[in-house]
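Below you'll find the structure, written out as structure tokens, and then a few comments.
Keep in mind it's a predicted model, so treat the numbers as computed, not measured. First the proteins, then the strands, lettered A, B, ... as listed; each starts at 1.
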Amino acid sequence: MSQIDASKHNSDQLYKIRHSAEHVLTHAMTRLYGPDKFFMAMGPATDDGYYFDFETLNDFKISEEDFPKIEAEMAKIIKENLPILRQEISQDEAKKLFKDNPYKMEWLNSIADKGEIISIYKTGQDFTDLCAGPHVEKTSEIKAFKLLSIAGAYWHGDEKNKMLTRIYGTAFESQESLNKYLEMLEEAQKRDHRKLGKELGLFTFSELIGSGLPLYTPKGASIRLAVNNYVESVQIKQGYTQVWTPQIAKAKLFQISGHYDKYKDSMFRVVSNFSDEEFFLKPMNCPQHTQIYAAAPHSYRDLPLRYADFAMLYRDEKPGELNGLARVRAFSQDDCHIFCTEDQVDQEIDVALKMTKEIMDTFGLKYKYRLSTRDPQHPEKYLGDPATWDRVEKWAVDIMKRNKIEYFDGPGEAAFYAPKMDLIATDALGREWQLSTVQIDFVMPERFGLEYTAADGTKKRPIMIHRAIIGSPERFMMIMLEHFAGAFPLWLSPVGAKIIPITDTQHDYANKILTKLKEQGIRAELDDRSEKMQAKIRDAQMEKIPYMLIIGGREVESNSVSVRQRDGQDLGALPFDEFLAKVKDQINTKSLNLIK
RNA sequence: GCCCGGAUAGCUCAGUUGGUAGAGCAUCCCCUUGGUAAGGGGAAGGUCAUGAAUUCGAAUUUCAUUCCGGGCUCCA
């Protein structure tokens, strides 16, 4: 067990380079445009680089077309090898220096009585900014940098504030590292699920249906189904049972759960023609599951009860937040709520963590955990008794330790009713995604007055464990699409094998093996178009179909198939039965690899 | 929701300084029967996102709307 840092382990030097590069950017802009064109607001180093926020004045505008000019000026400053000097100054001096800049003044005023040390950084003779650092000593230590994009951003991230302009850039300790990073960005763009989803024909959107409401084609739906069936097959072995609940529920349900107060504005309202009752499309399954539990009296002997639900959920996200399959208004979750006694919590969570490990391994995803706890600054955001929260948060730490799980702290990341143990997976490009979550919840059972009869005959409150493994099958499909770059392992591939006869004289044999493959549950297709074999191979290749089965006179003769893998490898002729046995084995073991 | 950018054939894109549009691929038809990434020919396909305004005339200018993208905020 070790606690790891939430940041991406940027070396101190890299952090200094990026922080300094941000000042060089600001410096270059000051030189190029002068003080009457913009107010510098602020700009930190980030995990991937840095950004700089500023307010443009007097109709001054900046666009990505200006980047080469700014970059050239930055290069000049770096070449001038200016010293970056730190100097501590008094509040009064600082106010004098930045009296014209409302953003700097606001910051200075906000720390006025906190006794903080105010420091400025001077780059050369003509640039000064307020900053605590740290920085490199000379601008020449910034070996490689690039401006990446431009966007709007609210001052202090608050939508009530003014919208500033933000320039994103990055910097590295060598040109080589920068190139590698840029290649990664390019690769990520090539793998973009919106692009691949269209090319591979997996999902689509319709203006008639609405934004954030994806439609899955037969191919896309088959992937979704394969993932869900897999998760279900793992859960069912652990005694999970599926339930099914309606898509809408009365407002009262969400008022009791607390979701109404917190999320009313992002729930879809549903209107009945026959009553004034307010209904909502369900944005989550938890409150519904409490009502299945509450429908009958329970003995401690019944527990734990594990209700799994793959139902569609609807959330009325702000339009600007929608993004491909990453953020949608209609999605499902591989959701489960476990009602159990306090004594059973540890075992249930251990099992859930074990299942999670099994499933992540199947997809070849590396991961770590985040322990999401309350925001100490805002205790009012959480329902329930603080003492119970303290206990449960500590309990979660013990669970992580007992399971020897690597984790980092996520203060302020808890749900309003419970702390969360969130799994953060890393994909093939090193990007991180939150997938699984496990939550120990005392609040919902309390609010819904759930009970069971204990061995001593007294009424007790069950605990509700919320748990999802892949999170949302739709979002997971996006992550898999990018993780595998569209080349899904055989068991997930919408088409596992494409049969390619060389001439139409082989169609009888081709149909025969097509039937056999389908009988064995392998999603196979026959390309019987009047096209050249090469053209058929090209098309199958573009669809990223794992196996192309070339059928000519020789294969018909010997009851075999010539196998070409999508990686270009020609396996030569294999007896058909041997091929069949191999792919069946691959599917059963959910292999991530091809035959060879 | 907010700032910025965008929308031309099913897809990827070209074009029009205001005179109503073009390619490649895909589709359909014909020819071609070919051993590991595109055989040839032809046809069809567009109210240039939608609705207004300006204009003799708008796909092109202006405004609004819808949708998409880059961010901000949010994410039960």
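Along RNA chain B, the nucleotide nearest A/Gly210 and the nucleotide nearest A/Tyr168 are compared for position; the residue whose nucleotide lies closer to the 5' end is A/Gly210. Nearest-nucleotide assignment on RNA chain B puts the 5′-proximal partner with A/Lys198, out of A/Lys198 and A/Ser149.
Atom P of nucleotide B/rC74 and atom CD of A/Gln434 are separated by 15 Å, given to the nearest angstrom. One interatomic measurement links the two molecules: NZ of A/Lys318 to C1' of B/rC67, which rounds to 20 Å at whole-angstrom precision. Across the protein-nucleic acid pair, A/Gln288 atom CD and B/rA76 atom P stand 17 Å apart, rounded to whole Å. Between A/Arg166 atom CZ and B/rU73 atom C1' the separation is 11 Å, expressed in whole Å. At whole-Å resolution of the value, CZ in A/Phe52 and P in B/rC72 are 17 Å apart.
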Exercise. Starting from the C-alpha separation in whole Å, work towards a yes-or-no answer on side-chain hydrogen bond (donor to acceptor under 3.5 Å, both in side chains) for A/Tyr509 and A/Glu555.
Key: CA-CA 9 Å; A/Tyr509 176 70; A/Glu555 286 76 15; over 6 Å; no

Exercise. Apply the test salt bridge (charged side-chain N to carboxylate O under 4.0 Å, His left out) to residues A/Glu578 and A/Lys582: give CA-CA distance (whole Å), side-chain angles for both, the deciding distance (0.1 Å), then the verdict.
Key: CA-CA 6 Å; A/Glu578 187 184 328; A/Lys582 283 188 167 160; 3.2 Å; yes

Exercise. Let me see the working for A/Tyr50 and A/Phe52 under ring pair (Phe, Tyr, Trp, His ring centres under 6.0 Å), right down to the final yes or no.
Key: CA-CA 7 Å; A/Tyr50 52 88; A/Phe52 167 54; 9.6 Å; no

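Applying the ring pair (Phe, Tyr, Trp, His ring centres under 6.0 Å) rule to A/His259 yields the partners A/Phe416; only residues at least two apart in sequence or on another chain are considered. Remark: A/Arg306 engages A/Glu348 in a salt bridge (Lys or Arg N to Asp or Glu O under 4.0 Å) (not counting sequence neighbours). In this view, A/Tyr417 and A/His466 satisfy the ring pair (Phe, Tyr, Trp, His ring centres under 6.0 Å) rule, not counting sequence neighbours. A/Trp433 is linked by a ring pair (Phe, Tyr, Trp, His ring centres under 6.0 Å) to nothing, counting only residues two or more places apart in sequence or in another chain.
Atom name P, nucleotides B/rU36 and B/rU32: the rounded distance is 22 Å, in whole Å. A gap of 14 Å separates the P atoms of B/rU61 and B/rC48, to the nearest Å. Only the C1' atoms considered, B/rG35 is 38 Å distant from B/rA14, to the nearest whole Å. B/rA58 and B/rC72: their P atoms are spaced 42 Å apart (whole Å). Taking atom P in both B/rU8 and B/rU50, the straight-line distance is 10 Å, to the nearest Å.
With hydrogens and angles ignored, a donor-acceptor pair under 3.5 angstrom links the side chain of A/Glu555 to the base of B/rG35. Applying the 3.5 Å distance criterion, the base of B/rC74 shares a donor-acceptor pair with the side chain of A/Arg327.
The pair A/Asp570-A/Arg564 does not meet the salt-bridge criterion, since no charged nitrogen lies less than 4.0 angstrom from a carboxylate oxygen.
Base contact: A/Tyr154 has a heavy atom under 4.0 Å from a base atom. Looking at heavy-atom distances under 4.0 Å, A/Arg194 makes contact with sugar-phosphate atoms alone, never a base. Looking at heavy-atom distances under 4.0 Å, A/Phe205 makes no contact with the nucleic acid at all. In this structure, A/Lys262 reaches neither bases nor backbone, as no heavy-atom distance under 4.0 Å exists between it and the strands shown. Base engagement by A/Gly320 is indicated by at least one non-hydrogen atom pair under 4.0 Å involving a base atom. Heavy atoms of A/Gly324 sit under 4.0 angstrom from primed sugar atoms or phosphate atoms, though from no base atom. Using a 4.0 Å heavy-atom distance criterion, A/Ser562 is classed as a base contact. Using a 4.0 Å heavy-atom distance criterion, A/Lys195 is classed as making no nucleic acid contact.
Pairs passing the salt bridge (Lys or Arg N to Asp or Glu O under 4.0 Å) check and including a residue from residues 470-480 of chain A, sequence neighbours excluded, read A/Arg224-A/Glu474. Applying the ring-ring contact (aromatic ring centres under 6.0 Å, His included) definition to pairs two or more places apart or across chains, those involving residues 531-552 of chain A are A/Tyr547-A/Phe579. The ring-ring contact (aromatic ring centres under 6.0 Å, His included) pairs that include a residue from residues 307-331 of chain A are A/Tyr307-A/Phe339, where partners are two or more places apart or lie in different chains. Sorted by first and then second residue, the side chain to side chain donor-acceptor pair (under 3.5 Å) pairs with a member in residues 209-221 of chain A read A/Lys219-A/Glu543; sequence neighbours excluded.
For RNA chain B, each stem of at least three Watson-Crick or G-U pairs (distances under 3.5 Å) is given as range with range: B:1-7 with B:66-72, B:10-13 with B:22-25, B:27-31 with B:39-43, B:49-53 with B:61-65.
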Self-check item: Under 4.0 Å protein heavy-atom contacts per nucleotide of nucleotides 28-34 of chain B, with B for base, S for backbone only and - for none
Solution: ----BBB

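The phosphate of B/rA37 has OP1 or OP2 within less than 4.0 Å of a side-chain N or O from A/Arg564. Taking 4.0 angstrom as the limit, A/Arg329 places none of its side-chain polar atoms (N or O) nearer than this to OP1 or OP2 of B/rC75. Contact between the side-chain N/O atoms of A/Asn323 and the OP1/OP2 oxygens of B/rG71 is not found at any separation under 4.0 Å.
Side-chain contact check for A/Leu148 versus A/Tyr181: some heavy-atom pair is nearer than 4.5 Å. Side-chain contact check for A/Phe268 versus A/Arg329: some heavy-atom pair is nearer than 4.5 Å.
By the stacking rule of 5.5 Å between ring centres and under 30° between planes, A/Tyr263 stacks on the base of B/rA76.
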For nucleotides 3-8 of chain B, which of its nitrogen or oxygen atoms have a protein nitrogen or oxygen under 3.5 Å away, and what is each distance?
none

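Comparing B/rC67, B/rC72, B/rG35 by their closest approach to the side chain of A/Arg554 singles out B/rG35.
Between the side chains of A/Asp567 and A/Gln565, at least one donor N or O lies within less than 3.5 Å of an accepting N or O.
Within 6.0 Å of CD on A/Gln189 lie no more than 12 heavy atoms contributed by other residues, nucleotides or ligands.
Residues of residues 539-553 of chain A having a heavy atom closer than 4.0 Å to RNA chain B, listed by number: A/Gln541, A/Ile550, A/Gly552, A/Gly553.
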